[in-house]
Every structure is written in C-alpha cells, then in structure tokens.
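Below: one structure, written as structure tokens.
Values below: all heavy atoms of this structure, side chains included; hydrogens, waters and symmetry mates excluded.
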Amino acid sequence: NYVAGIVAYASATSTIENCTNKVNVSANISTSYGYCVGGVVAYNYNSYVRNSTNEGTINSTASNSTQTTAGYGVGGVVGSTYTTTTSSTDRVDGCVNTGSVTANNMYNVGGVVGQIYYYGHVVNCTNNGTVKGSYNVGGIVGLNYTSSNSYAGNGAIYDSKNSGKISGSSYIGGICGSNGLNTNCY
C-alpha cells in the first residue's frame with residue numbers, strides 16, 4: 001500500500017533528486033497494516049531524497065478506526081523513511097512541501113515526512129502547507145520513532161522550518177508530533 005506522486009517505493013541506495021510533484025495524491029486505505037502515502041516518495045528505504053518538492057494536495061483516508069494504528073505514515077514529500085544505516089546519504093535533505101496534507105483516521109502525519117524510523121534524518125526541509133491528521137501530527141515530521149530498543153535508532157530533524165497550520169487529535173507539534181531529536185528548527 002504505497003501511493004505517491006512520483007516514486008512509490010525507493011529501495012536501498014536509490015537517489016531521488018530534483019523532483020517536483022504537481023499532481024494531487026489521493027489514497028483510501030482499507031488494509032489493517034502498512035500504508036505509506038507521499039507527494040514525492042511513499043516509502044523511502046535506505047535511500048536519499050534530495051532537493052525535491054511537493055506542490056500537490058495529499059488526501060488520505062483510512063476506511064475505519066482499525067487502521068489508525070496501522071503501518072507507517074503520510075507526508076507531503078515522503079510518507080515514511082526507514083534507514084538502517086548511519087550513512088549521511090540515507091536521508092531526506094533540502095525538500096519542500098507547499099501542498100496541504102490531510103490524513104483522516106490516520107497516524108504519523110507530517111508536512112515533509114510522515115514517519116522517521118530507525119536512523120532516518122530530515123535536514124534543511126521546509127513545510128508551508130497545512131497538515132491535518134489524527135495522532136502524531138507535525139509540521140516537518142509526524143513521528144520520529146526513537147527508543148532504546150534494538151528496533152529503533154537515533155532519527156533526527158535538523159535545520160528545518162514550518163510555517164503551515166497543524167491540527168489533529170493528539171501529539172501535535174509545529175516541528176514534530178512525537179519523539180526524537182530536533183536541532184535548529186523553527
């Protein structure tokens with residue numbers, strides 16, 4: 001269940017660079033696990049997304065409340081970024097979202113990235129669009145999944161800014177809805 005304006009699944013060592021999505025992206029999620037929706041990339045696995053922009057509207061809806069805890073995320077540029085290495089090239093860098101992001105009955109919703117998982121980094125990114133979701137909703141990242149267990153690393157958000165309006169039910173932040181390291185962000 002990967003839906004994107006440009007790349008649904010960016011596999012290991014891919015580079016997505018200087019791309020602009022201008023189409024609206026719409027997804028109706030009916031599965032109980034595993035959704036990723038993004039303006040440029042839906043699921044970014046150990047890859048580099050750089051200097052890319054989403055100008056389209058992102059509109060995603062889970063068919064019922066059982067999908068609210070399922071899967072990964074919805075983001076203006078990248079739905080979910082999953083990085084298992086500490087390489088400086090496995091990240092989302094210099095990306096911009098200007099489109100609105102709406103995720104009804106869904107968790108992990110961000111203006112730029114819906115969810116960072118493991119060692120993902122979001123650097124020099126900007127969100128100017130409105131962001132609306134249910135839980136873990138942020139201007140730059142919805143959920144930066146960081147914990148002390150072996151399944152999560154040290155995801156981080158650096159040098160990023162949000163000017164969009166953010167709304168949701170719980171865990172709502174101008175930069176990040178929930179968890180993680182945020183440095184030099186406003």
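- The number of heavy atoms from other shown groups lying within 6.0 Å of OH (Y2) is above 12.
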Show your working on side-chain contact (heavy atoms from CB on, under 4.5 Å) between I58 and V37 and close with a plain yes or no. CA-CA 8 Å; I58 310 299; V37 181; 3.9 Å; yes
Candidate pair T130 and T102, rule side-chain contact (heavy atoms from CB on, under 4.5 Å), full reasoning: CA-CA 8 Å; T130 59; T102 302; 5.7 Å; no
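- Sorted by first and then second residue, the salt bridge (charged side-chain N to carboxylate O under 4.0 Å, His left out) pairs with a member in residues 135-144 form an empty list; sequence neighbours excluded.
- Neither I166 nor V96 shares a network with the other; the hydrophobic side chains, linked directly or stepwise wherever heavy atoms of I, L, V, M, F, W or Y lie under 4.5 Å apart, form separate groups for each.
- From Y107, atom OH reaches atom OG of S134 across 7.0 Å, with rounding to the nearest 0.5 Å.
- Between the OG atom in S100 and the CG atom in N128 there is a gap of 12.5 Å [rounded to 0.5 Å].
- The heavy-atom pair separating N51 from C95 by the smallest distance is N-SG, 4.0 Å.
- If you run side chain to side chain donor-acceptor pair (under 3.5 Å) between N97 and each of T126, N54, N162, only N54 comes through.
- Across all their heavy atoms, A4 and V40 have their closest contact at CB-O, 3.8 Å.
- Using modelled atom types, no side-chain atom of N179 and backbone atom of L143 make a donor-acceptor pair closer than 3.5 Å.
- Nearest heavy-atom pair, Y186 versus I175, reported as atom, atom and distance to 0.1 Å: O-CD1, 3.4 Å.
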From CA spacing to verdict: side-chain contact (heavy atoms from CB on, under 4.5 Å), Y35, V3: CA-CA 8 Å; Y35 61 82; V3 181; over 6 Å; no
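- Within the 3.5 Å criterion, the main-chain N or O of C125 finds a donor-acceptor partner in the side chain of S160.
- How far CG of N46 is from OG1 of T13: 8.5 Å, rounded to the nearest 0.5 Å.
- Side-chain atoms of L181 and Y158, non-hydrogen and from C-beta on, do get closer than 4.5 Å to each other.
- Atoms CG and CG, from D159 and N124 in turn, are 5.0 Å apart once rounded to the nearest 0.5 Å.
- Looking at heavy atoms from C-beta onward, V109 lies in side-chain contact with V101 at the 4.5 angstrom threshold.
- Judged by distance alone, with hydrogens and angles left aside, the side-chain atoms of N21 form a donor-acceptor pair with the main-chain N or O of G39 at under 3.5 Å.
- Taking Y45 as the reference, Y82 meet the ring-ring contact (aromatic ring centres under 6.0 Å, His included) condition, with sequence neighbours excluded.
- Between V92 and the options I157, V78, I16, a side-chain contact (heavy atoms from CB on, under 4.5 Å) holds for only V78.
- Annotation for I140 and K161: closest pair CD1-O, 3.2 Å, computed over non-hydrogen atoms.
- Between S80 and Y43 there is a side-chain heavy-atom pair separated by less than 4.5 Å.
- Here the closest heavy-atom approach between residue A42 and residue A8 is recorded as CB-O, 3.1 Å.
- Atom OG of S60 sits about 4.5 Å away from atom CD1 of I29, to the nearest 0.5 Å.
- Under the 3.5 Å distance criterion, the side-chain polar atoms of N136 are left unmatched by any main-chain donor or acceptor of Y171.
- E55 has its side chain within reach of T20: a pair of non-hydrogen atoms, C-beta onward, lies under 4.5 Å apart.
- Taking each heavy atom of H121 and Y119 in turn, the nearest pair found is ND1-O, 2.8 Å.
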Test side-chain contact (heavy atoms from CB on, under 4.5 Å) applied to Y48 and D93, step by step: CA-CA 8 Å; Y48 194 18; D93 189 354; 3.5 Å; yes
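- For the atom pair OG1 of T83 and CD1 of I116, the computed distance is 8.5 Å after rounding to the nearest 0.5 Å.
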